[in-house]
Amino acid sequence: MASSLSQTVFSILLLLSIHQACAEMTHLHFYFHEILSGPNATVLTVVNPSNNTSLTFGKIVVVDDMLLEGLDENSKLIGRAQGLVGAVGKDGSLETLLNFVFTEGKYNGSTIAIYGRVEIGVTIERPVVGGTGMFRMTTGYTLAKPVVFTATKVVNEFDVYLWHNEMKDN
């Protein structure tokens, strides 16, 4: 029994290492623009608990943020960040479930899925847990550095590092 289990584990590790060795590394760089209020807000609160002592704990929002080539809000739109953000920690930490949906260029129509914890005001590292299109079966991570943080707007500079086998539709 132990021999069969060790052979199975070895086979899985071998397949994973072959996949990793054959995978292409892609580095993406862009700016994530979030508008917190006003007529063009990209954030909407869907749950706002009224029975807690924290300002944010338990709050859930949906986002449809812009992914732009540059820091300037008039930069070229290359995609959207769509998903859920929940205030999960009484310390102000957030949990995010995001899909980056690319709408321009080589990766048009492809997505990457990101899940992870956020602490406000620091560089945020989150795992890429999958993707579609050109990023099918991808793994990787993101680094998001806050560059603008005001009462009405948040901008993060994103570096995304992906390992994937470039997929093309048949």
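The first residue in the sequence is number 1, and the count goes up from there. Predicted model only: the values in this text are computed from it and were never measured.
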Taking the side chain from N99 and the backbone from V101, do they hold a donor-acceptor pair closer than 3.5 Å?
-> no
Are the side chain of T103 and the backbone N or O of N108 linked by a donor-acceptor pair below 3.5 Å?
->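 It does not hold such a pair.
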Quick one, [X] and [Y] - any side-chain contact, counting heavy atoms below 4.5 Å?
| X | Y | result |
| --- | --- | --- |
| K153 | E34 | no |
| K106 | M134 | yes |
| F30 | V160 | yes |

Besides Y31, the hydrophobic cluster formed by Ile, Leu, Val, Met, Phe, Trp and Tyr side chains linked at under 4.5 Å, directly or via other members, contains L71, V147, V148, V155
Can you get from [X] to [Y] by hopping between Ile, Leu, Val, Met, Phe, Trp and Tyr side chains that sit under 4.5 Å apart?
| X | Y | answer |
| --- | --- | --- |
| V154 | I78 | yes |
| L94 | L98 | yes |
| F32 | M66 | no |
| V46 | V63 | no |
| F158 | V43 | yes |

Tell me the closest heavy-atom pair linking [X] and [Y], and the distance in Å.
| X | Y | result |
| --- | --- | --- |
| E73 | L68 | O-CD1, 3.7 Å |
| F57 | G89 | CD1-C, 3.7 Å |
| T111 | F102 | CA-CD1, 4.5 Å |

Sole residue of L28, V128, N156, L162 in side chain to side chain contact (heavy atoms under 4.5 Å, CB included) with T142 =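 Going through the options one by one, the only one that passes is V128.
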How far does [atom1] of [X] sit from [atom2] of [Y], to the nearest 0.5 angstrom?
| X | Y | atom1 | atom2 | result |
| --- | --- | --- | --- | --- |
| W163 | T26 | CH2 | OG1 | 10.0 Å |
| H164 | M25 | NE2 | CE | 9.5 Å |
| H27 | Y161 | NE2 | OH | 3.5 Å |
| Q82 | F100 | CD | CZ | 11.0 Å |

Only pairs under 3.5 Å count here: list side-chain donor-acceptor contacts from residues 35-42, not counting sequence neighbours, and write none if there are none.
unit_1	atom_1	unit_2	atom_2	d
T42	OG1	I35	N	2.9
T42	OG1	I35	O	3.4
T42	OG1	D65	OD1	2.5

Which pairs of donor and acceptor atoms, one on a side chain in residues 118-127, lie under 3.5 Å apart (sequence neighbours left out)?
unit_1	atom_1	unit_2	atom_2	d
E119	OE2	R117	NH1	2.8
R126	NH1	T96	OG1	2.9

